J.: 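Questions regarding the structure given below will be posed in turn.
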Amino acid sequence: MEDYVALDVKTANSSRASICAIGMAQFKNGQLTNSLYSLVNPHEPFAQRNVTVHGIDASAVANAPTFTELLPLLRRWLDHQLIVSHTNFDISALRQTLEKHSQPQLTFKYLDSYVICQQLVTHSVHRLADMAAHFSIPYPRQHHALTDAQTCGQLIAKLVAHHEVPTLNGLINIAGFHQLGVSSHLEQKKFEQTSVLDLVDISTEVKTADFKRFIPTALFYQQNIVLTGHLKLMTRATAFQKIRAVGGVPQNQLTATTNFLVVGHTNPLLVGQDGKTDKIRQAEEINRIFPVITIIDEADFLKAIAQ
């Protein structure tokens, strides 16, 4: 299993940029190997609602380091690591606090154990305390940044063991996600669910040509291209850009001028048991009258846009 760092933060008030405590727990091969906890002086007022939850008030942090004073240590723990947290709150708070102090964003990938539990654990609620009880994880002190981080990390390890997958990537895939979240000074890509768990590849059943039969140069030049299904390696917008870059014309719908239909993975739960989208059915119907639309799979599409 990949190494990861579990993160939890507490805030002084409703602003996510008011971090007043931070807990981090390192895990290697699913085992807790190191932990770090610190109070943080946010130099902001404390809201009673927040104090009631975590028990930290202005007097508790009076002599605590500021966020910027802790930042070198945070970089050593978090930069270029795989981070896990229970809900996206902690990742968002870290980003907003860095922004508040005019500091560059850390670079890391992350996943959210809360949304993974929503997909994989049959339970009415998926709060950290509920999941700890469900998996018999010791949880001595709720709403404390360190024990919350440690419990979150142990929860991930339990999920991996329970579902008998060797990697965290395997865990997120069975939960219906196809990529980790990414945070850096250049981009923020949220850890969001996709329907990849339900997707199937029917391209071998419907495609009408193999790439080896194609003219190798400028296959898509001045050709009209329609996409259907989910492309595993790029977004629809990126695919359109790639088509234009080789002189092709992307189309949203099949028309009398369409030359190619690219078939990605499809969801039988949405389109029918055979996995065929409306575009596939329409192309097949057109081709029964006269074979004018070449149907290819994603692998051949990638070769075509690489010409």
Side-chain angles (χ1 to χ4, degrees), residues 1-11 16 19-40 53-54 56 70 73-95 97 106-121 123 125-175 177 179-183 190-193:
M1 185 197 311
E2 302 92 326
D3 297 339
Y4 56 91
V5 178
L7 170 71
D8 189 271
V9 304
K10 307 303 174 190
T11 58
R16 295 191 179 190
I19 291 178
C20 64
I22 186 164
M24 296 175 288
Q26 292 180 340
F27 284 77
K28 296 184 181 295
N29 295 317
Q31 299 296 316
L32 176 64
T33 58
N34 201 3
S35 298
L36 185 145
Y37 172 77
S38 180
L39 292 170
V40 182
V53 172
H54 52 56
I56 302 169
L70 276 177
L73 186 61
L74 299 182
R75 291 193 182 281
R76 290 199 295 272
W77 271 73
L78 301 177
D79 214 15
H80 300 288
Q81 301 298 315
L82 173 58
I83 311 300
V84 302
S85 63
H86 201 71
T87 78
N88 188 58
F89 175 86
D90 309 277
I91 302 298
S92 175
L94 178 61
R95 287 185 60 87
T97 305
L106 305 182
T107 299
F108 55 82
K109 294 183 177 180
Y110 67 93
L111 60 88
D112 182 342
S113 59
Y114 177 79
V115 293
I116 290 177
C117 287
Q118 284 184 310
Q119 301 305 314
L120 297 181
V121 182
H123 203 280
V125 288
H126 298 86
R127 295 171 301 186
L128 188 57
D130 300 294
M131 294 298 94
H134 182 82
F135 286 103
S136 300
I137 300 171
Y139 191 16
R141 186 177 176 184
Q142 296 183 30
H143 305 303
H144 183 277
L146 181 58
T147 55
D148 284 359
Q150 292 171 336
T151 303
C152 173
Q154 290 167 348
L155 173 59
I156 288 293
K158 287 283 189 180
L159 286 165
V160 169
H162 179 76
H163 290 280
E164 298 180 340
V165 289
T167 65
L168 291 179
N169 190 58
L171 179 68
I172 70 172
N173 284 342
I174 65 171
F177 299 81
Q179 63 185 12
L180 295 165
V182 177
S183 180
K190 292 184 178 180
F191 180 65
E192 296 179 323
Q193 187 185 16

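Since the structure is predicted, the reported quantities are computational estimates derived from the model, not experimental observations.
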J.: Residues in side chain to side chain donor-acceptor pair (under 3.5 Å) with Thr151, at least two apart?
T.: none
J.: If you compare all heavy atoms of Ala6 against all heavy atoms of Ala149, which two are closest, and at what distance to 0.1 Å?
T.: CB-O, 3.0 Å
J.: With rounding to the nearest 0.5 Å, note down the distance linking CZ in Phe108 to CG in Leu82.
T.: 10.0 Å
J.: How many angstroms lie between OG1 in Thr167 and CE in Met1, if you round to the nearest 0.5 Å?
T.: 9.0 Å
J.: Could you tell me which non-hydrogen atom of Leu39 sits nearest to which non-hydrogen atom of Leu70, and how far apart they are?
T.: O-CD1, 4.1 Å
J.: List for me each residue that meets ring-ring contact (aromatic ring centres under 6.0 Å, His included) alongside His54, sequence neighbours excluded, and say none if there are none.
T.: none
J.: Among all residues two or more places apart in sequence or in another chain, which pass the side chain to side chain contact (heavy atoms under 4.5 Å, CB included) test with Gln26?
T.: Val5, Thr33, Asn34, Trp77
J.: Measure the spacing between CD1 of Ile137 and NZ of Lys158 and express it to the nearest 0.5 Å.
T.: 6.0 Å
J.: For the CE atom of Met131 and the NE2 atom of His126, what is their distance to the nearest 0.5 Å?
T.: 5.0 Å
J.: Say whether, by atom type as modelled, one donor and one acceptor occur between the side chain of Glu2 and the main chain of Leu168 under 3.5 angstrom.
T.: yes
J.: Using ring-ring contact (aromatic ring centres under 6.0 Å, His included) as the criterion, list what pairs up with Phe89, not counting sequence neighbours.
T.: none
J.: From Leu128 CG over to Gln154 CD, what is the distance, rounded to the nearest 0.5 angstrom?
T.: 10.0 Å
J.: Using the side-chain hydrogen bond (donor to acceptor under 3.5 Å, both in side chains) rule, collect all pairs that involve residues 130-140, keeping only residues at least two apart or in two chains.
T.: Arg127-Asp130, Tyr139-Asp148
J.: In terms of ring plane angle, is the pair His86 and Tyr114 parallel, tilted or perpendicular, where the classes change at 30° and 60°?
T.: perpendicular
J.: Under a 4.5 Å cut-off applied to non-hydrogen side-chain atoms, are Leu94 and Ile83 in contact?
T.: no
J.: Check side chain to side chain contact (heavy atoms under 4.5 Å, CB included) between Ser85 and all other residues, then give those that pass, not counting sequence neighbours.
T.: Asp90, Ile91
J.: Testing the basics here: between Leu146 and Ser35, what is the closest heavy-atom pair and its distance to 0.1 Å?
T.: CD1-CB, 3.7 Å
J.: Taking the side chain as every heavy atom from C-beta outward, state whether Val121 and Phe135 have any pair of such atoms under 4.5 Å apart.
T.: yes
J.: Could you measure the distance from the SG atom of Cys20 to the CD1 atom of Ile56? Nearest 0.5 Å is fine.
T.: 4.0 Å
J.: Is there a side-chain contact between Val84 and Leu155 in this structure, where contact means two heavy atoms from C-beta onward sitting under 4.5 Å apart?
T.: no
J.: For atom CD of Gln142, decide whether the heavy atoms of other residues, nucleotides or ligands shown that lie under 6.0 angstrom number more than 12.
T.: yes
J.: Looking only at side chains, do Arg16 and Ser92 share a donor and an acceptor under 3.5 Å apart?
T.: yes
J.: Apply side chain to side chain contact (heavy atoms under 4.5 Å, CB included) to residues Tyr4 and Ile156 and explain how you reach the verdict.
T.: CA-CA 10 Å; Tyr4 56 91; Ile156 288 293; 3.9 Å; yes
